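Note that the structure is predicted; figures quoted are calculated from it, not measured. Proteins get letters first, then strands, A, B, ... in listed order; numbering begins at 1 in each.
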Amino acid sequence: MSEIEIESRNLDLWYGSAQALKKISMAMPEKKVTAIIGPSGCGKSTFIRCINRMNDLVKGCRITGELLFEGADIYGNDMDAVELRKKIGMVFQKPNPFPMSIYDNIAYGPRVHGLRNKEELDRIVEESLKASALWDEVGDLLDQSAVDLSGGQQQRLCIARTLAVKPKVILFDEPCSALDPISTAKIEDLINMLKHDYTIVIVTHNMQQAARVSDHTAFFLLGELVEFGKTKQIFELPDKKSTEDYITGRFG
Amino acid sequence: MTSLISPATSDKAAKVMLWVSASIAILTLLFILGYIVVQGLPVLTLSFLLESPRLSGAEGGILPAIVGTFCLMLVALLSAVPIGIGAAIYLAEYAPVGVVTRIISFGVECLAGIPSIVIGLFGYAFLVIYLGFGFSIISGGLALMFMILPWVVRVSEESLKAVPGGLREGSFALGATKWQTVSRVVLPSAVPSITTGVILGVGKAIGETAVIMFTAGSSLLMPTSFFDPVRALPYHLYILASEGISDPMAYGSSVVLLVMVLVINLAAVAIQRHYGRHHVRN
């Protein structure tokens with residue numbers, strides 16, 4: 001049984017007066033993949049964006065309850081969001097490479113954290129691109145604009161960019177919803193490789209994807225956590241009727 | 001019930017009328033350009049561009065006016081661009097949406113609406129007299145800065161707002177601070193369109209006469225410092241024509257001014273083309 005890396009206890013979230021998350025309690029274990037599934041608007045993206053405090057940027061967003069990272073309160077007074085995000089990286093739904101070279105994209109994180117040494121940066125860029133299975137494709141094109149890459153390559157670049165900061169956790173917010181099936185398969189392979197070194201939380205619209213890549217699955221519905229457990233159990237023998245209905249495609 | 005004119009006929013009629021409108025617009029431009037070029041061509045020689053004027057501009061060239069115009073633009077740009085982009089960054093990235101932003105935006109709008117002759121008068125009272133800059137490149141350039149500042153703020157703000165939000169999120173998610181995000185990702189992404197906008201603003205300012213006649217002076221000598229007075233090209237041609245000094249010389253100056261504006265606009269297009277590729281798609 002592995003250690004708990006992230007734990008949410010009775011987490012409530014409001015956008016203005018609308019409650020988007022209701023009493024979410026779940027624990028995400030270290031170096032495992034936790035998938036969050038559910039229909040659109042169920043709060044799964046909202047929840048994952050709490051973990052690296054991306055919701056800080058949303059006006060009128062209010063949170064109560066506890067969200068712990070390595071035992072420390074993510075929303076505590078002594079938690080620095082900028083420091084937190086170095087340890088908890090995020091890959092977004094739409095690939096968002098910066099309009100600069102491939103090299104500069106990967107080096108961006110280390111650079112903003114103060115690294116200037118060229119050799120060290122070279123090494124990180126190479127390592128990160130290798131770890132995201134992109135080195136063979138772009139190793140010779142580091143000076144090219146990242147924007148010219150294909151969608152799938154852009155998304156792997158965004159993963160490489162996240163790895164370059166050496167986080168402990170990587171959050172994936174529907175990372176494949178803008179990609180074709182072949183690119184999607186590559187990202188899934190990558191997630192299966194990365195889980196040996198990182199704790200992964202992935203929000204996905206695609207139930208097969210959750211079944212393929214995750215160890216644990218959480219099913220969200222209307223802002224509530226309906227069911228959370230081992231992926232195998234959730235997909236084969238769910239406790240709740242609504243989980244079964246969603247998984248078998250009766251709604252969603 | 002059937003209409004008197006068939007849809008096919010009205011379709012054709014509309015097409016013809018729109019074509020006529022478009023033609024009139026193009027022909028007007030071509031007529032003005034053609035007329036000025038034909039009138040100005042006889043005096044357009046290399047010495048016209050490279051010599052100082054003699055006999056109040058009736059003979060000789062217009063080099064000091066060209067140099068003066070460039071210097072005025074330089075001062076206006078060097079002052080308006082940092083202030084304008086700074087204000088735009090504040091408005092687009094930092095200021096909470098609310099009363100303050102609206103007041104600042106409204107103020108910028110109002111500044112844009114002030115007639116240039118009024119800005120000229122203010123420049124005369126404030127820069128020339130009160131601050132003691134006298135009739136000089138500094139006074140004229142700063143007065144022009146008041147003219148183009150709203151434009152620079154507006155263009156920069158729009159360009160910054162057009163940068164996809166995903167880029168900001170991507171930067172924050174890597175543990176970058178707000179300023180790192182703004183200065184290393186958002187601003188560089190917006191620079192091509194800001195540059196294009198600013199250059200077009202210069203294209204407008206370069207022909208501005210009312211502002212500089214009160215502030216930059218009307219000296220025909222070659223300036224040696226930024227505190228020397230100069231006569232900018234549009235003012236030079238105004239004086240040549242209005243005081244009956246020389247119509248051909250006035251047209252010659254016009255051609256030079258038009259070419260400068262044309263070059264500026266082409267530069268803007270070229271920059272847009274060159275950097276367009278780097279902009280994030282989708």
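- Both the backbone and the side chain of B:Arg184 come within less than 4.5 Å of a heavy atom in chain A.
- The pair A:Asp104-A:Arg111 meets the salt-bridge criterion, since a charged nitrogen lies less than 4.0 angstrom from a carboxylate oxygen.
- Only the side chain of A:Val165 comes within contact range of chain B, judged by heavy atoms closer than 4.5 Å.
- With contacts defined as side-chain heavy-atom distances shorter than 4.5 Å, the pair A:Arg49/B:Glu169 qualifies.
- Dense packing is recorded around CD of A:Glu83, with more than 12 heavy atoms of other residues, nucleotides or ligands lying under 6.0 Å away.
- Neither the backbone nor the side chain of A:Lys87 has a heavy atom closer than 4.5 Å to any heavy atom of chain B.
- Taking the ring axis of A:Tyr75 as reference, the NZ or CZ atom of A:Arg53 stays within 45° of it and closer than 6.0 Å to the ring centre.
- Only the backbone of A:Ile88 comes within contact range of chain B, judged by heavy atoms closer than 4.5 Å.
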